[in-house]
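Everything below concerns the one structure shown next.
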Amino acid sequence: MSENKITLGKTLRDARIAKGFTLDDLQQTTKIQKRYLIAIEDQNFDELPGDFYVRAFIKQYADMVDLDGAELLKQFDSALPSTQTQEYVDKVNENNPETRSQQRKVDDRYVKLRRTIPVIGIVIVVLVVLVGIWVAASRNGSSTKKDNVDSSSVSVSGSSNKSSSSSSSKSSSTSSKSSSKKKVASFKQLSTTSSGSTWEMKNASSKPKVALSASTSAWVAVTVNGATSWQGTLSSSTSHTMTIPSSATSVTFKFGNAPDTKVKVDGKTFDFTSATATSTASSSSTSGTTTSSSTTTTSQVQTVTLEFK
């Protein structure tokens, strides 16, 4: 039995030292007086205030140094004073201020929760009722307003109704005409020469976008406001897009291979080659019969000016 007592005290002391706790640290944490902790380590259980405190204090001590208190009590049961387990556990909980404080906090939280839940429920119900009243009032107001409008419309004389109908039809007709008269960009030739032509574009945007492309190799230069904005060689795999400034009233294109070059302005195809063909004629006389032939070709190099209106 003496060997068991020494083994119990030494086990607790070694575990405390391994955790790096002093007796003062253990006293502050467990609320067990330091002299009782010393008595436990020295196996002087008679110095403890009562038999039930022996097991309670040992269990608390063991739990604080990460030992299994219940297993330790079971292992050294024969070396400890006999008492009722529930008795000393209840006694420890009763005398431990920290345990009582924690229990009171838990109880207070439950009491507050039980008091708060009904209040929250009442608030939610009140809000739902208020929202329902507001929605119903809004619907009734809208319905009343609509009825008033319908009644005033019915009370108007027949001539007023006709006038209203006529105005309504006129306004709808005007709006449909205005929508149908949506401005569409168009090109018009103003003049042509052997080296190029001058065109007019109506309903262009404030900043026309020009897209250049070619089916084969083609050199192009673009001049805006008297200055060259871009020049380069296009191919079937390349293209160039540029935006004409709003201050520009016209743009001039110089094409090195006009027939194979394509131009789009604001997404609309600009067919500048349609009216820039030149004609050649030849005549021959065979057996007194004169024949003539004409061919139409398009000049490779052209200068085309496009004016914006």
Side-chain angles (χ1 to χ4, degrees), residues 1-139 141:
M1 184 178 295
S2 175
E3 182 180 354
N4 284 342
K5 289 183 180 181
I6 295 173
T7 302
L8 173 61
K10 187 174 184 304
T11 299
L12 293 173
R13 184 185 297 108
D14 292 344
R16 172 177 63 79
I17 294 173
K19 296 291 292 183
F21 293 153
T22 64
L23 289 172
D24 292 330
D25 295 335
L26 216 58
Q27 175 182 250
Q28 184 177 1
T29 306
T30 62
K31 308 303 180 183
I32 301 174
Q33 296 183 23
K34 183 177 179 179
R35 60 193 181 97
Y36 295 149
L37 297 173
I38 295 174
I40 291 173
E41 290 185 354
D42 293 341
Q43 305 297 137
N44 296 325
F45 297 140
D46 295 338
E47 297 183 10
L48 271 65
D51 290 344
F52 55 87
Y53 284 104
V54 176
R55 293 177 180 271
F57 287 174
I58 289 175
K59 187 177 186 304
Q60 282 186 277
Y61 189 131
D63 291 339
M64 286 305 302
V65 295
D66 289 343
L67 294 177
D68 189 339
E71 183 63 27
L72 199 65
L73 291 174
K74 183 178 180 181
Q75 181 180 354
F76 296 100
D77 181 71
S78 60
L80 299 174
S82 177
T83 185
Q84 295 295 327
T85 302
Q86 189 61 41
E87 177 185 356
Y88 76 76
V89 171
D90 293 342
K91 191 68 176 178
V92 170
N93 291 336
E94 179 183 352
N95 293 333
N96 191 335
E98 183 178 359
T99 303
R100 293 200 305 271
S101 176
Q102 292 177 352
Q103 186 63 38
R104 281 197 299 270
K105 289 180 180 179
V106 172
D107 293 340
D108 290 342
R109 283 197 295 268
Y110 281 122
V111 171
K112 290 180 180 179
L113 184 61
R114 285 196 297 270
R115 292 177 179 176
T116 304
I117 289 177
V119 175
I120 295 175
I122 293 173
V123 171
I124 292 174
V125 172
V126 171
L127 289 175
V128 171
V129 172
L130 291 176
V131 171
I133 293 173
W134 178 79
V135 172
S138 299
R139 290 180 178 177

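The stretch residues 62-72 participates, sequence neighbours left out, in these side chain to side chain donor-acceptor pair (under 3.5 Å) pairs: Lys19-Asp66, Lys59-Asp63.
Between Asp42 and Arg13 there is a salt bridge, since a side-chain N of the basic residue sits under 4.0 Å from a carboxylate O of the acidic one.
Val129 is linked by a side-chain contact (heavy atoms from CB on, under 4.5 Å) to Val125, Ile133, counting only residues two or more places apart in sequence or in another chain. For Arg16, the salt bridge (charged side-chain N to carboxylate O under 4.0 Å, His left out) criterion is met by Glu41, not counting sequence neighbours. Every residue two or more places apart in sequence or in another chain that forms a side-chain contact (heavy atoms from CB on, under 4.5 Å) with Leu127 is listed here: Val123. By the side-chain hydrogen bond (donor to acceptor under 3.5 Å, both in side chains) test, Asn44 is found to be paired with no residue, residues two or more places apart in sequence or in another chain being considered. For Ile122, the side-chain contact (heavy atoms from CB on, under 4.5 Å) partners are Val126, not counting sequence neighbours. Evaluation of the side-chain contact (heavy atoms from CB on, under 4.5 Å) rule for Lys34 yields Leu23, Asp24, Gln27, Ile38 as partners, not counting sequence neighbours.
Looking at Ile40, Leu73, Leu72 one by one, the single match for side chain to side chain contact (heavy atoms under 4.5 Å, CB included) with Leu8 turns out to be Leu72.
Taken from OH in Tyr36 to CZ in Phe45, the straight-line distance is 14.5 Å, to the nearest 0.5 Å. Here the CD1-CG distance, from Ile17 to Leu12, works out to 11.0 Å after rounding to the nearest 0.5 Å.
Here the shortest heavy-atom pairing between Phe21 and Val65 reads CD1-CG1, 4.3 Å.
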